[in-house]
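Please read these numbers as outputs of a predicted model, since none were measured by experiment.
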Amino acid sequence: MKRLLFLLLLPFTFTSITSAQDLRAARKTINKMASPDFWGRGYTKEGMAKAAVYLCDEFKKAGLQPMEGNDYRQNFSYPVNTFPGKMDVTINGKKLIPGKDFIIEPSSRGLRGTMKLEQKDSIYMNRSQRMFVVLKDKLTWSVAQKANDYTVLEINKKALTTKPDSINVDIDNEVIPEFITSNICGVVKGTKHPDSILMLTAHYDHLGGMGENTFFPGANDNASGIALLLNLAKYYAKNPAPYTIAFVCFAGEEPGLKGSSYFTTFPPIPLSNIKFLINVDMVGTGEKGITVVNAAILPKQFDLLNKINDQQHYLSKITPRNKAANSDHYFFTEKGVPAFFIYTQGGITAYHDVDDIPATLPLTEFADLFKLFVKFNAALMKSS
């Protein structure tokens, strides 16, 4: 009874912070984003388009207002090389499994045929067909914006017991000159200073599919960041701050920060109104704390973050890092917007592979990171 009375007497903000970082809701978001329905949130089977529809619906349900006009979308396009069809590879008579036994280098062309391979240093090749095979300890895929006039396959060393000397391939590729996609943008208007904006961002795209039957789920990268963003959006929609909180889910991060580049080139809100930006990517672990990019160039804000963490004992460690062009914060930094890029450390090692799945994502410090963000955001804007 005493505990119940104590909880009832707690300030509303504390109880709302505690309840808002709902791990069940986060798990639901991650499971949805990394499901076969969204096919790796990429360029085949309308994966990224379906994810965009989902995020618009989530913003609307949470009560966010569109950033500009009546639409949450900021549309743009870029070229991309895709692999929508056949992805069949047989080496030395053994049929290989896409994603597990091999990946195709993302700027490769499609190719069909049976051919002999010769070894040159560590590469196996058929010169006339411009077919190249490289053996790898780990398979890590990415996205390319063009197709070259050759085909490169990376083979998991564990998939072969003898060196590759013959290969049969049946691989389809398609270059899409203008792949149309959208940044998803929403706001919770400030109650006192609506023109002062704190922006929270994460990219929702991933690598998509490689062939008809293989996709890259991207649970940690970056369904985890989107889950954190949506939890924060729901919290601030119910507890508006004196300043405006803007939320942006970027598309096109994987092929080279396309969404954030477009946003900062054609900003739907004045960039000068953004007092601070926090970008999150891969926040599904945390055993070894977090890393903060731009900490070295923003010492005042980094000290504030550490002070709050030291007081509340949220995370085991906060590691500073200098400026880096490694996620969607970068173009904002280049435009003079103060920004942090935060990612968690430790735990699973799955990255840009078929093993980045929800079932193995621990969300070790997800709840504490949520609490740290809310505390830091309030202190940050109070001091600015």
Any non-hydrogen side-chain atom of Glu365 less than 4.5 Å from a side-chain atom of Tyr314?
no
With Phe263 as partner, the option from Phe332, Phe76, Phe331 fulfilling ring-ring contact (aromatic ring centres under 6.0 Å, His included) is Phe332
All heavy atoms of Val354 vs all of Pro217, minimum pair found to be O-CD, 3.9 Å
Can you tell if the side chain of Arg73 reaches within under 4.5 Å of the side chain of Cys56, non-hydrogen atoms only?
yes
Would you confirm whether Gln74, through its side chain, and Phe266, through its main-chain N or O, come within 3.5 Å as a donor-acceptor pair?
yes
Does NZ in Lys300 sit with more than 12 non-hydrogen atoms of other residues, nucleotides or ligands closer than 6.0 Å?
no
Between Leu361 and Arg27, is a side chain to side chain contact (heavy atoms under 4.5 Å, CB included) present by the stated rule, with each step listed?
CA-CA 9 Å; Leu361 193 63; Arg27 285 285 181 196; 4.1 Å; yes
Checking the side chain of Asn309 only, and the main-chain atoms of Leu305 only, is there a donor and an acceptor separated by less than 3.5 Å?
no
Just checking, is any N or O donor in the side chain of Asp328 or Ser260 under 3.5 Å from an acceptor N or O on the other one?
yes
For Gln145, give me all partners under side-chain contact (heavy atoms from CB on, under 4.5 Å), at least two apart in sequence or on another chain.
Tyr78, Pro79, Pro255, Lys258
Same cluster (ILVMFWY, side-chain, under 4.5 Å), Leu198 and Phe341
no
Flag, side chain of Ser108 to backbone of Glu105, donor-acceptor distance under 3.5 Å:
yes
Residue pairs meeting ring-ring contact (aromatic ring centres under 6.0 Å, His included), one or both in residues 198-221, sequence neighbours left out, come to Trp39-Phe215, Trp141-Phe216, His206-His352
Partner of Tyr54 under side chain to side chain contact (heavy atoms under 4.5 Å, CB included), picked from Ile226, Thr29, Asp37, is Thr29
In this structure, is the centre-to-centre distance between the rings of Phe276 and Phe340 below 6.0 Å?
yes
Heavy atoms only: give me the nearest Ser224-Met282 pair and the separation to one decimal.
OG-CA, 3.6 Å
Would you find a donor on one side and an acceptor on the other, under 3.5 Å apart, between the side chain of Asp356 and the backbone of Asp221?
yes
Heavy-atom closest pair, residues Ala223 and Arg41:
N-NH2, 3.6 Å
Heavy-atom side-chain contact between Thr264 and Val337 under 4.5 Å
no
Atom pair OH (Tyr243) and CG (Asp195), whose distance is rounded to the nearest 0.5 Å:
15.5 Å
For Gly190, is there any backbone N or O sitting under 3.5 Å from a side-chain donor or acceptor partner on Thr244?
yes
In sequence, state the C-alpha distance, the side-chain angles, and the governing distance for Asn377 and Ile278, and then conclude on side chain to side chain contact (heavy atoms under 4.5 Å, CB included).
CA-CA 9 Å; Asn377 293 346; Ile278 305 174; 3.5 Å; yes
Got a donor-acceptor contact below 3.5 angstrom from the Gln119 side chain to the Asp121 backbone?
yes
Are the side chain of Asn168 and the backbone of Thr90 linked by a donor-acceptor contact shorter than 3.5 Å?
no
Does some side-chain heavy atom of Pro362 sit less than 4.5 Å from a side-chain heavy atom of Glu287?
yes
Within a strict 4.5 Å, meaning less than it, do heavy atoms of the Phe102 and Met210 side chains meet?
yes
Pairs of donor and acceptor atoms involving the side chains of residues 315-326, under 3.5 Å and at least two apart or interchain, shall be tabulated with distances.
residue	atom	partner	partner atom	Å
Arg321	NH1	Tyr343	OH	2.9
Lys323	NZ	Glu334	OE2	2.5

The residue among Ile123, Ile155, Leu153 that forms side chain to side chain contact (heavy atoms under 4.5 Å, CB included) with Leu135 is Ile155
Which atom names give the shortest non-hydrogen contact between Pro106 and Ser142, and what distance separates them?
CG-OG, 3.2 Å
Under a 3.5 Å distance rule, please check whether Asn222 uses its side chain to pair with a backbone N or O of Val280 as donor and acceptor.
yes
Contacts table for residues 44-51: side-chain donor-acceptor under 3.5 angstrom, sequence neighbours left out:
residue	atom	partner	partner atom	Å
Lys45	NZ	Glu212	O	2.8

Contact check, side chains of Arg130 and Arg109, non-hydrogen atoms, under 4.5 Å
yes
Joint cluster assignment, Val89 & Val152, ILVMFWY side-chain distance < 4.5 Å:
no
Solution key, residues 169-180 side-chain donor-acceptor pairs under 3.5 Å, sequence neighbours excluded:
residue	atom	partner	partner atom	Å
Asp170	OD1	Arg112	NE	2.8
Asp172	OD1	Arg112	NH1	3.4
Asp172	OD1	Arg112	NH2	2.2
Asp172	OD2	Lys86	N	2.9
Asn173	OD1	Gly110	N	2.8
Asn173	ND2	Asn81	OD1	3.0

Between Thr285 and Thr344, the two heavy atoms sitting closest are OG1-OG1, 2.9 Å
Evaluate the side-chain proximity of Leu229 to Leu200: yes if any heavy-atom separation is below 4.5 Å, no if none is.
yes
With a 4.5 Å heavy-atom cut-off, do Lys61 and Lys234 have their side chains touching?
no
Side chain to side chain contact (heavy atoms under 4.5 Å, CB included) evaluation trace for Leu55 with Leu230:
CA-CA 9 Å; Leu55 290 172; Leu230 289 180; 4.3 Å; yes
Report the C-alpha separation of Lys95 and Asp88 in whole Å, then their side-chain angles, then the decisive distance to 0.1 Å, and conclude whether the salt bridge (Lys or Arg N to Asp or Glu O under 4.0 Å) test is met.
CA-CA 8 Å; Lys95 187 173 177 62; Asp88 299 330; 3.6 Å; yes
Chi angles and distances behind the side chain to side chain contact (heavy atoms under 4.5 Å, CB included) call for Asp281, Glu253:
CA-CA 10 Å; Asp281 193 350; Glu253 191 266 358; 3.7 Å; yes
Specify the closest pair of heavy atoms between Gly259 and Asn183, including all atoms of both residues, with the distance to one decimal.
O-ND2, 3.0 Å
Distance check, rounded to the nearest 0.5 Å: Leu380 atom CG versus Lys375 atom NZ?
15.0 Å
Same apolar cluster (I L V M F W Y, side chains within < 4.5 Å links), Tyr262/Leu277
no
Following the transitive rule for hydrophobic clusters with a side-chain heavy-atom cut-off under 4.5 Å over Ile, Leu, Val, Met, Phe, Trp and Tyr, establish whether Ile245 and Tyr72 coincide in one cluster.
yes
Output a table of donor-acceptor pairs, distance under 3.5 Å, between side-chain atoms of residues 156-166 and any protein atom two or more places apart or on a different chain; print 'none' if there are none.
residue	atom	partner	partner atom	Å
Asn156	OD1	Lys158	N	3.0
Lys157	NZ	Asp137	OD1	3.4
Thr162	OG1	Asn92	ND2	3.1

Is there a path from Leu257 to Ile184 through hydrophobic residues (I, L, V, M, F, W, Y) whose side chains come within less than 4.5 Å of each other?
no
